[in-house]
A.B. asks: 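Take a look at this one; I'll ask things after.
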There are 2 protein chains.
Amino acid sequence: MSTGPTPLPAAGRRRPPRDEVRRALLDAAARTFARQGIDGASLDDVAAAAGFTKGAVYSNFGSKEGLVAALVDDRVSAYLDLGLAAVDDPAATLPERARALGDRLTAASDEQHDWHLLFLQLWQRAVRTGPADDSFVRRHGELRAAVAEAVANHAEQAGTELPLPAASVATLLLALSNGLAIERMTDPAAVPDDLMGRVLALLVGGGTTGTTGGTTGGTGPDQR
Amino acid sequence: MSTGPTPLPAAGRRRPPRDEVRRALLDAAARTFARQGIDGASLDDVAAAAGFTKGAVYSNFGSKEGLVAALVDDRVSAYLDLGLAAVDDPAATLPERARALGDRLTAASDEQHDWHLLFLQLWQRAVRTGPADDSFVRRHGELRAAVAEAVANHAEQAGTELPLPAASVATLLLALSNGLAIERMTDPAAVPDDLMGRVLALLVGGGTTGTTGGTTGGTGPDQR
DNA sequence: GGTATCGGATACCGCTCGGTATCCGATCTC
DNA sequence: GAGATCGGATACCGAGCGGTATCCGATACC
């Protein structure tokens, strides 16, 4: 039930390409760090999960700190792309896009599970090391700014007036993404699948949207 | 020679009462664990922060795990009481209570700062050890249930119909508390002081603006 | 006031981890 | 095809940690 009999390159003799080793190590690090904690997981654990030994880690990343930094770079970018892609469907209305984004962010796949676990560890690390010289805080700020811009654009296109500034909506969106993930992992029953989407709809002025339909229902509350 | 000036009870010769030592150790543990991480902080660190040595910890809590468990018991209860107290003002309207609770939970004191840092560590621990036999998850569930009941009661008293089920509102409240704390610690400027209160007001049907009684008259700089 | 007891201090142990030096075999170059 | 090179494997080290056994002095008890 693990990832298979032999993770990747087997103990075999072939030499895998450089990028392949890097990828395998990064993926294994994401999984292992998420599950055991960055402090709790040893480099031996990470390397073994990828089918290598500690030497491969030091050869590719120089140190544990280097591995973590590479992970930030790799994962935060991926998360940003994922979120923006979900919002960038120009055919939907604003509340629809809000719901789509919510569903996307709430999608309870193991991938998301691990991501949030990892995210919180990276965030704690960033807070502890102080506000200076930290790539995680910077990346996170970029993500928030991008979301804010997307929200503002969509609101303008839809002709809707937001009940809150776009920047605040972006902050709330990120906060809800993390906060609801926490609640969901603690008790899945406490977080309905559509909760995120409904709240986002409220935040962008969707009112009491009970509409669980896909597209704008016949009972469209606000067409003019 | 002089063992050096020790922080709290001095190297003095008096013997402090039992509960006093326990309290000092718990407080020191909360601070130290929050700042360095539960895994990152050694028992020597914790004991030293309280002005004692490791022996005091083992005498009082038996193990590091025992110390953590005692901390859960001590802190989660305190947090629950704080939240409920903020909501239990029977003189206020529902949105007002929502705002009061939001302000209370957002209050950016160092105490709250450490609390959220500690909370997330305890939560991660609970998620990792599996859903079984964990007091933290159970306590958290009690907290959520209590909040849900308070929300439902207040809504009924106020004659307001909630746009979401009370249980969902409770979940959102906890999620926002954690999520916004995270955003705030990452970038304080991104989370206005009144954001939590305004969102809570939205969640309980408080309409679009934060008019909760004597606040802004509503002739804000709104244009179309 | 002499003794028993309790509880924190001290010394110590085994283990794990990050990091380093080194080895060795597969790939690359000519 | 023979040597150069690169990169992961292996062996090893020192530090720091949780945990334990023991000590010792201040309080409690009669």
Side-chain angles (χ1 to χ4, degrees), chain A residues 6-29 32-33 35-71 121-122 125 128-129, chain B residues 1-29 32-33 35-71 121 125 128-129:
Chain A
T6 6
L8 239 182
R13 301 309 181 193
R14 188 186 101 262
R15 167 108 74 136
R18 184 89 173 295
D19 291 352
E20 210 169 289
V21 177
R22 243 184 102 93
R23 258 267 71 76
L25 285 174
L26 282 175
D27 290 344
T32 310
F33 284 162
R35 303 228 243 259
Q36 307 181 19
I38 296 179
D39 290 326
S42 69
L43 290 184
D44 284 316
D45 291 336
V46 172
F52 296 97
T53 65
K54 203 163 47 170
V57 176
Y58 279 95
S59 173
N60 279 278
F61 303 100
S63 68
K64 188 173 190 177
E65 194 53 44
L67 175 61
V68 171
L71 204 50
Q121 309 233 1
L122 296 174
R125 230 160 212 259
R128 271 184 218 128
T129 55
Chain B
M1 276 300 265
S2 71
T3 54
T6 30
L8 233 179
R13 300 313 178 193
R14 187 186 104 261
R15 166 109 71 139
R18 184 88 170 295
D19 291 351
E20 209 169 290
V21 176
R22 241 184 106 92
R23 258 267 73 77
L25 284 174
L26 281 175
D27 290 345
T32 311
F33 283 163
R35 303 227 241 260
Q36 306 181 19
I38 295 179
D39 289 326
S42 69
L43 290 184
D44 284 316
D45 292 336
V46 172
F52 296 97
T53 65
K54 203 164 45 169
V57 176
Y58 279 96
S59 173
N60 279 278
F61 302 100
S63 69
K64 189 174 189 176
E65 195 53 44
L67 175 61
V68 172
L71 204 52
Q121 309 233 1
R125 224 159 218 259
R128 272 186 218 128
T129 55

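This structure is a prediction, so every number in the text was calculated from the model and none was measured. To find a chain, count down the sequence lines: A is the first, B the second, and so on, and within it residues start at 1.
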A.B. asks: Give the intermediate values and the outcome of salt bridge (Lys or Arg N to Asp or Glu O under 4.0 Å) for residues Arg23(A) and Asp27(A).
C.D. replies: CA-CA 6 Å; Arg23(A) 258 267 71 76; Asp27(A) 290 344; 3.6 Å; yes
A.B. asks: Can you tell me how far the CG atom of Leu43(B) sits from the CZ atom of Phe52(B), to the nearest 0.5 Å?
C.D. replies: 15.0 Å
A.B. asks: Rounding to a whole Å, what distance do you find between Asp19(A):CG and dG8(D):C1'?
C.D. replies: 16 Å
A.B. asks: For Asp45(A) and for Arg18(B), find the nucleotide of DNA chain C with the closest heavy atom, then tell me which residue's nucleotide is more 5'.
C.D. replies: Arg18(B)
A.B. asks: Can you find a side chain N or O atom of Asn60(A) that sits less than 4.0 Å from OP1 or OP2 on dG8(D)?
C.D. replies: yes
A.B. asks: Roughly how far, to the nearest 0.5 Å, is OG1 of Thr32(B) from CG of Asp44(B)?
C.D. replies: 11.5 Å
A.B. asks: For the pair made of CG in Asp44(A) and P in dC12(D), what is the distance, rounded to whole Å?
C.D. replies: 15 Å
A.B. asks: Remember a base hit wins even if backbone is also touched, and classify Ala47(A) as base, sugar-phosphate or nothing at under 4.0 Å, heavy atoms.
C.D. replies: nothing
A.B. asks: Heavy atoms only: give me the nearest Val57(A)-Ala47(A) pair and the separation to one decimal.
C.D. replies: CG2-CB, 4.0 Å
A.B. asks: Between C1' on dT27(D) and CD on Glu20(B), what's the gap in Å once rounded to a whole number?
C.D. replies: 15 Å
A.B. asks: Would you kindly give the CG-to-C1' distance between Leu67(A) and dG18(C), to the nearest whole Å?
C.D. replies: 13 Å
A.B. asks: Scan residues 52-67 of chain A for pairs that pass side-chain hydrogen bond (donor to acceptor under 3.5 Å, both in side chains), counting only residues two or more places apart or in two chains.
C.D. replies: Glu65(A)-Arg125(A)
A.B. asks: For dA9(D), take OP1 and OP2 only and decide whether either is under 4.0 Å from a side-chain N or O of Thr53(A).
C.D. replies: yes
A.B. asks: Would you give a per-nucleotide map of nucleotides 19-24 of chain D, 5' to 3', where B means the base has a protein non-hydrogen atom under 4.0 Å away, S means only the sugar-phosphate does, and - means neither?
C.D. replies: BB----
A.B. asks: Could you tell me which non-hydrogen atom of Ala24(A) sits nearest to which non-hydrogen atom of Ala50(A), and how far apart they are?
C.D. replies: O-CB, 3.6 Å
A.B. asks: Which protein N or O atoms sit under 3.5 Å from an N or O of nucleotides 13-16 of chain C?
C.D. replies:
none

A.B. asks: Once you round to the nearest 0.5 Å, how far does CZ of Arg35(B) lie from CZ of Arg128(A)?
C.D. replies: 11.5 Å
A.B. asks: Between dG8(D) atom P and Arg23(A) atom CZ, what is the distance in whole Å?
C.D. replies: 15 Å
A.B. asks: Could you state the interatomic distance from CG (Leu122(A)) to CZ (Phe33(A)), rounded to the nearest 0.5 Å?
C.D. replies: 9.0 Å
A.B. asks: Within the structure provided, determine whether Leu26(B) and Phe61(B) are in side-chain contact (heavy-atom separation under 4.5 Å).
C.D. replies: yes
